[in-house]
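Just so it is clear: chains get the letters A, B, ... in the order the sequence lines come, proteins before strands, and each one is counted from 1.
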Protein chains: 2
Amino acid sequence: MGLAKTEMFTDEQNQISLFAKVFGHPARVAILQHLFKIESCVCGDLVNEIGLAQPTISQHLKELKHLGLIKGNVEGTSVCYCVHAENWKAMKSVMNEFLNQDLEEKSNCC
Amino acid sequence: MGLAKTEMFTDEQNQISLFAKVFGHPARVAILQHLFKIESCVCGDLVNEIGLAQPTISQHLKELKHLGLIKGNVEGTSVCYCVHAENWKAMKSVMNEFLNQDLEEKSNCC
DNA sequence: AATATTAATCGTAATATTGCAATGAAATAA
DNA sequence: TTATTTCATTGCAATATTACGATTAATATT
């Protein structure tokens with residue numbers, strides 16, 4: 001079979017894995033880093049910056065947008081993409097709660 | 001084609017995406033949460049806790065171990081898995097650096 | 001030794017992801 | 001209108017992932 005049924009897991013587990021999955025490809029990491037670095041909208045030059053074809057970049061942007069992590073503004077013939085600040089913050093809090101779980105020293109058996 | 005060539009991206013981007021990918025499945029998130037919650041080694045009862053077959057859980061554990069996030073100790077016929085504290089901490093710092101990037105307000109165009 | 005228990009591995013089917021050429025849609029420029 | 005530019009969409013082919021039955025390996029128990 002393919003993927004596990006989401007009913008098997010908690011909403012939180014599904015949400016974490018959805019966020020993580022979108023970060024699970026270096027092209028999407030690169031896109032996001034670039035959007036952050038430029039501190040502004042970035043239009044079609046993502047295709048030039050990252051060495052992938054335009055449809056491929058477009059597809060990765062679509063996934064990021066679908067999750068709400070970025071938003072796109074049409075400006076003439078080009079489209080301006082930005083990090084969606086509030087949604088990024090919300091994602092961060094979900095991921096941080098997961099990543100910052102602490103191990104209790106008392107019962108570290110391995 | 002399949003996956004992008006890692007040469008196209010920075011080591012950091014590849015590392016982030018590798019960590020994220022392993023969190024990109026709810027079963028692995030559930031396994032890790034369980035390992036944290038129990039605050040100790042967990043052996044075969046992961047199979048009972050999570051509703052997946054034993055080979056499937058074993059495969060997920062293998063991926064987590066391969067990335068170094070958990071370690072396994074053989075104890076008789078059973079195996080005890082724990083979060084690898086130092087490696088988890090190292091992973092956290094890589095992921096936090098990525099997640100905690102800040103947007104500059106000055107040029108938020110969208 | 002024979003049996004039971006636990007977990008890893010193998011093989012394979014089902015599904016998802018990735019990448020891109022080709023094409024289409026929408027706005028602009030000539 | 002007729003290019004031109006920019007990006008989205010479609011339609012594949014290649015590859016990766018997921019899940020599990022069957023089997024194997026290793027230890028424990030009888």
Side-chain angles (χ1 to χ4, degrees), chain A residues 1-9 13-14 17-31 34-35 41-67 70-82 109-110, chain B residues 1-9 13-14 17-31 34-35 41-67 70-82 109-110:
Chain A
M1 292 191 187
L3 266 194
K5 317 97 190 171
T6 56
E7 314 88 64
M8 296 177 54
F9 304 100
Q13 286 159 354
N14 285 318
S17 67
L18 281 180
F19 283 134
K21 195 185 292 187
V22 90
F23 299 140
H25 194 289
R28 289 189 291 265
V29 171
I31 287 172
H34 196 254
L35 292 186
C41 278
V42 159
C43 316
D45 45 17
L46 280 167
V47 176
N48 298 323
E49 293 289 332
I50 304 169
L52 291 171
Q54 178 267 320
T56 307
I57 297 292
S58 194
Q59 198 175 337
H60 285 307
L61 287 168
K62 188 180 176 182
E63 290 177 65
L64 290 168
K65 197 161 67 174
H66 184 251
L67 256 190
I70 64 174
K71 46 189 172 179
N73 249 12
V74 179
E75 289 183 355
T77 63
S78 59
V79 178
C80 163
Y81 284 102
C82 288
C109 50
C110 305
Chain B
M1 290 191 184
L3 268 193
K5 317 98 191 173
T6 57
E7 312 89 62
M8 296 179 55
F9 304 100
Q13 285 159 352
N14 285 319
S17 67
L18 281 180
F19 283 135
K21 194 185 292 185
V22 90
F23 299 141
H25 194 289
R28 289 189 289 266
V29 172
I31 287 172
H34 197 254
L35 292 185
C41 278
V42 158
C43 315
D45 47 15
L46 281 167
V47 176
N48 299 322
E49 294 288 332
I50 304 170
L52 290 171
Q54 177 267 320
T56 307
I57 297 293
S58 195
Q59 199 174 338
H60 285 306
L61 287 168
K62 188 181 176 182
E63 289 177 64
L64 289 168
K65 195 161 67 175
H66 184 252
L67 255 190
I70 64 174
K71 45 190 171 179
N73 248 13
V74 178
E75 289 185 354
T77 61
S78 57
V79 178
C80 162
Y81 283 103
C82 289
C109 50
C110 308

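Separating the NE2 atom in A:His25 from the CG atom in A:Leu64 is a distance of 11.5 Å, to the nearest 0.5 Å. The distance from the CG atom of B:Leu18 to the CD atom of B:Glu63 is 11.0 Å, given to the nearest 0.5 Å.
Per the geometry, CD1 belonging to A:Ile57 stands 12 Å off C1' belonging to C:dC20, to the nearest Å. A straight line from NE2 of A:His66 to P of C:dA16 spans 14 Å, rounded to a whole angstrom. Look at CD1 on B:Ile31: it is 12 Å from P on C:dA7, rounded to the nearest Å. Taking atom CG on B:Leu61 and atom P on C:dA7, their separation rounds to 9 Å, with Å as the unit. Put simply, CG on B:Leu52 is 5 Å from P on D:dC20, counting in whole angstrom units. Straight-line distance from the CG atom of B:Asn73 to the C1' atom of C:dA7: 14 Å, rounded to whole Å. Distance A:Gln54 CD to C:dG19 C1': 12 Å, rounded to the nearest Å. The nearest whole Å value for the distance from the CG atom in B:Asn48 to the P atom in C:dT5 is 14 Å.
In this structure, B:Phe23 and B:Val29 approach most closely via the heavy-atom pair O-CG2, 3.4 Å. Among all heavy-atom pairs drawn from A:Leu35 and A:Cys82, the shortest one is CD1-C, 4.3 Å. Shortest non-hydrogen contact noted between B:Ile70 and B:Tyr81 is CD1-CD2, 3.7 Å. Here the shortest heavy-atom pairing between A:Lys65 and A:Gly72 reads CD-N, 4.1 Å.
For C:dG19, the OP1/OP2 oxygens have a side-chain nitrogen or oxygen of A:His25 closer than 4.0 Å. For C:dA16, the OP1/OP2 oxygens have no side-chain nitrogen or oxygen of A:Lys21 closer than 4.0 Å. OP1 or OP2 of D:dA8 sits under 4.0 Å from a side-chain N or O of A:Ser58. Side-chain N/O atoms of B:His60 include none lying less than 4.0 angstrom from OP1 or OP2 on D:dT17. Of the side-chain N and O atoms in A:Lys62, none sit less than 4.0 angstrom from OP1 or OP2 of D:dC7. Taking only side-chain nitrogens and oxygens, A:Thr77 never comes nearer than 4.0 Å to OP1 or OP2 of C:dT28.
Among the nucleotides C:dA7, C:dA22, C:dG19, the one closest to the side chain of A:Pro55 is C:dA22.
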Could you pull out every donor-acceptor pair under 3.5 Å between side chains of residues 46-62 of chain A and any protein atom, sequence neighbours left out?
unit_1, atom_1, unit_2, atom_2, d
A:His60, ND1, A:Arg28, NH1, 3.0

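Where A:Gly76 and A:Glu63 meet DNA chain C, the nucleotide closest to each residue was compared, and A:Glu63 sits on the side nearer the 5' end.
For a distance-only test at 3.5 Å, the side chain of A:Gln59 fails to qualify as a donor-acceptor partner of the base of D:dA8.
Taking the screw axis at each terminus of the helix from C:dA1-D:dT30 to C:dA30-D:dT1 from five consecutive base pairs, the angle between the two is 10° to within rounding of 10 degrees.
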